[in-house]
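Here's the structure we're looking at; comments come further down.
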Number of protein chains: 2
Amino acid sequence: MENELFKALADPTRRAIFEKLANGPLNAGAVREGLGISQPAASQHLAALRKAKLVREERRGRFVQYEVDPDGLALIAGWLAKYRAYWPARVDALKALLKEMDQ
Amino acid sequence: MENELFKALADPTRRAIFEKLANGPLNAGAVREGLGISQPAASQHLAALRKAKLVREERRGRFVQYEVDPDGLALIAGWLAKYRAYWPARVDALKALLKEMDQ
DNA sequence: ACATCAAATAAGTCTGTGCTTATGTATTGA
DNA sequence: TCAATACATAAGCACAGACTTATTTGATGT
């Protein structure tokens, strides 16, 4: 489960798909655009992301809309939290990042 | 770089090694214990974790001590922060934590 | 210098996985 | 009902990567 999550993120194409979906929901076909892969390849990547709870699907007639599933992100946040003892060294960098994101 | 990070975490044995090191520094030999893998396998995993900035090494005579490198964790935190729109409650918790650390 | 020990690297094998083309499954509208 | 569209699944191929044994590198102590 945690394994599916990290395995899903290990592939750069899947991370690219995830980032696209983070900007808003897309149909499976739209996800594929600009990635230079076949339709089945995109479908397989989406299946892997679904298994990892990083995205979820929603039928819209003939189309299938995909969107970010917060569950996967929460799992990563949970994993990361286990090691927060090691964060202090990087607190400043993190703060800068969060501040930057506020704008 | 971000790729090395997620690829490193995609392997369960490497995550196990990382968790062991999160409890405190260990020599390469000690890392291997209980994992049921050969010495070279452990060495290769440690090399992958090093490349991902998840661990760092320190020569101690004939031994090499490994410990968690906060850089890798910070990279994950940074990646995760990009998607904070999908987990508002948790980012607030992180911000609170950072604020708390200021004192 | 040499034997010993810790760890890294080399080389080869075998499994996993990301891709492709071909085909199947839903859903829509004529 | 039938053709067209959107996506998923099947099957096979080629490469990546996790393991092994064998060897090399580096450090210590006699």
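Lettering of chains follows the sequences in order, A, B, ..., and the numbering in each one begins at 1. Just so it is clear, the values below take in all heavy atoms, side chains as well, and ignore hydrogens, waters and symmetry mates. Worth saying up front: this structure is predicted, and the values here are computed from it rather than measured.
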Item to complete: Mind checking side-chain contact (heavy atoms from CB on, under 4.5 Å) for Gln65(A) and listing every partner two or more places apart, or none if nothing turns up?
Response: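 Only Pro25(A), Asn27(A), Arg60(A) meet the side-chain contact (heavy atoms from CB on, under 4.5 Å) criterion with Gln65(A).
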Item to complete: Mind checking side-chain contact (heavy atoms from CB on, under 4.5 Å) for Ala41(A) and listing every partner two or more places apart, or none if nothing turns up?
Response: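 Ala41(A) satisfies side-chain contact (heavy atoms from CB on, under 4.5 Å) with Ile37(A), Ser38(A) once adjacent residues are dropped.
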Worksheet item: Given the rule that I, L, V, M, F, W and Y join up when any side-chain heavy atoms are under 4.5 Å apart, are Leu80(A) and Leu21(B) in one cluster?
Response: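 Hydrophobic grouping puts Leu80(A) with Leu21(B).
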Item to complete: Please tell me if the side chains of Leu26(A) and Lys20(A) come closer than 4.5 Å, counting only heavy atoms from C-beta onward.
Response: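 In contact.
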Discussion item. Quick one, Val68(B) and Leu54(B) - any side-chain contact, counting heavy atoms below 4.5 Å?
Written reply: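 The answer is no, as the side chains (C-beta and beyond) never meet within the 4.5 Å cut-off.
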Fill in: Arg32(B) side chain vs Gly29(B) backbone, donor-acceptor pair below 3.5 Å
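The answer is no, because no donor-acceptor pair under 3.5 Å joins these two groups.
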Discussion item. Looking at every heavy atom in both Val31(A) and Leu35(A), which two are closest together, and how far apart are they?
Written reply: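 What the structure gives for the nearest pair is O-CD1, 3.4 Å.
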Practice prompt. Determine the minimum heavy-atom distance between Leu73(A) and Tyr86(B), stating which atoms define it.
Written response: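 Scanning both residues completely, I find the closest heavy atoms to be CD1-CB, 3.8 Å.
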Worksheet entry | Value in whole Å for how far the C1' atom of dA6(C) lies from CZ of Arg32(B) |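 For the pair Arg32(B) CZ and dA6(C) C1', the rounded distance is 11 Å.
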Item to complete: Grab the NE2-P distance between His45(A) and dG16(C) for me, whole Å please.
Response: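 That distance rounds to 19 Å.
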Item to complete: Would you check, one step at a time, whether the test side-chain contact (heavy atoms from CB on, under 4.5 Å) holds for Met1(A) with Leu75(A)?
Response: CA-CA 9 Å; Met1(A) 176 194 196; Leu75(A) 279 168; 4.2 Å; yes
Less than 3.5 Å apart, which donor and acceptor atoms pair up between the side chains of residues 9-17 of chain B and the rest of the protein, not counting sequence neighbours?
residue: Asp11(B); atom: OD2; partner: Thr13(B); partner atom: N; Å: 3.1
residue: Asp11(B); atom: OD2; partner: Arg14(B); partner atom: N; Å: 3.1
residue: Arg14(B); atom: NE; partner: Ala8(B); partner atom: O; Å: 2.8
residue: Arg14(B); atom: NH1; partner: His45(B); partner atom: ND1; Å: 3.2
residue: Arg14(B); atom: NH2; partner: Lys7(B); partner atom: O; Å: 3.2
residue: Arg15(B); atom: NH1; partner: Asn3(A); partner atom: OD1; Å: 3.4
residue: Arg15(B); atom: NH1; partner: Leu9(B); partner atom: O; Å: 2.6
residue: Arg15(B); atom: NH2; partner: Asn3(A); partner atom: OD1; Å: 3.0

Practice prompt. Apply the test salt bridge (charged side-chain N to carboxylate O under 4.0 Å, His left out) to residues Lys53(A) and Glu4(A): give CA-CA distance (whole Å), side-chain angles for both, the deciding distance (0.1 Å), then the verdict.
Written response: CA-CA 9 Å; Lys53(A) 294 196 186 298; Glu4(A) 301 299 331; over 6 Å; no
Item to complete: Determine: side-chain N/O of Tyr66(B) to OP1/OP2 of dA8(C), distance under 4.0 Å, yes or no.
Response: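 For dA8(C), OP1 or OP2 has a side-chain N or O of Tyr66(B) closer than 4.0 Å.
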Discussion item. Taking side-chain hydrogen bond (donor to acceptor under 3.5 Å, both in side chains) as the definition, give me every residue that meets it alongside Glu67(B), ordered by chain and number, with sequence neighbours left out.
Written reply: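 Per chain and number, Glu67(B) pairs via side-chain hydrogen bond (donor to acceptor under 3.5 Å, both in side chains) with Arg56(B).
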Discussion item. Could you work out, with side-chain hydrogen bond (donor to acceptor under 3.5 Å, both in side chains) as the rule, every residue matching Glu57(B), not counting sequence neighbours?
Written reply: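 By the side-chain hydrogen bond (donor to acceptor under 3.5 Å, both in side chains) rule, Glu57(B) matches Tyr66(B).
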Worksheet entry | Residues in contact with DNA chain D, drawn from residues 49-57 of chain A - heavy-atom cutoff 4.0 Å |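 Hits under 4.0 Å, by residue number: Arg50(A), Glu57(A).
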Worksheet entry | Close residues, residues 13-30 of chain A, relative to DNA chain D [heavy-atom separation under 4.0 Å] |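 By residue number: Asn27(A), Ala28(A), Gly29(A).
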Worksheet item: Of all nucleotides in DNA chain D with an atom under 4.0 Å from a non-hydrogen atom of chain B, which is the first and which the last going 5' to 3'?
Response: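 Endpoints of the contacted stretch of DNA chain D: dG17(D) to dT28(D).
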Item to complete: Give the B/S/- string for nucleotides 25-30 of chain C, one per nucleotide from 5' to 3', where a protein heavy atom under 4.0 Å of the base yields B, of only the sugar-phosphate yields S, and otherwise -.
Response: --BB--
Worksheet item: Does any pair with a residue in residues 9-44 of chain A pass ring pair (Phe, Tyr, Trp, His ring centres under 6.0 Å), and if so which ones, sequence neighbours excluded?
Response: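 Output for this query lists Phe18(A)-Trp79(B), Phe18(A)-Tyr83(B).
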Item to complete: Check DNA chain C against residues 1-12 of chain A and give the residues with a non-hydrogen atom under 4.0 Å, in numerical order.
Response: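 The stretch gives Lys7(A), Asp11(A) as the residues lying under 4.0 Å from the strand, ordered by number.
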Atom pairs, N/O to N/O, protein against nucleotides 20-24 of chain C, distance under 3.5 Å?
residue: dT20(C); atom: OP2; partner: Ser38(A); partner atom: N; Å: 3.0
residue: dT20(C); atom: OP2; partner: Ser38(A); partner atom: OG; Å: 2.7
residue: dT20(C); atom: O4; partner: Gln44(A); partner atom: NE2; Å: 3.1

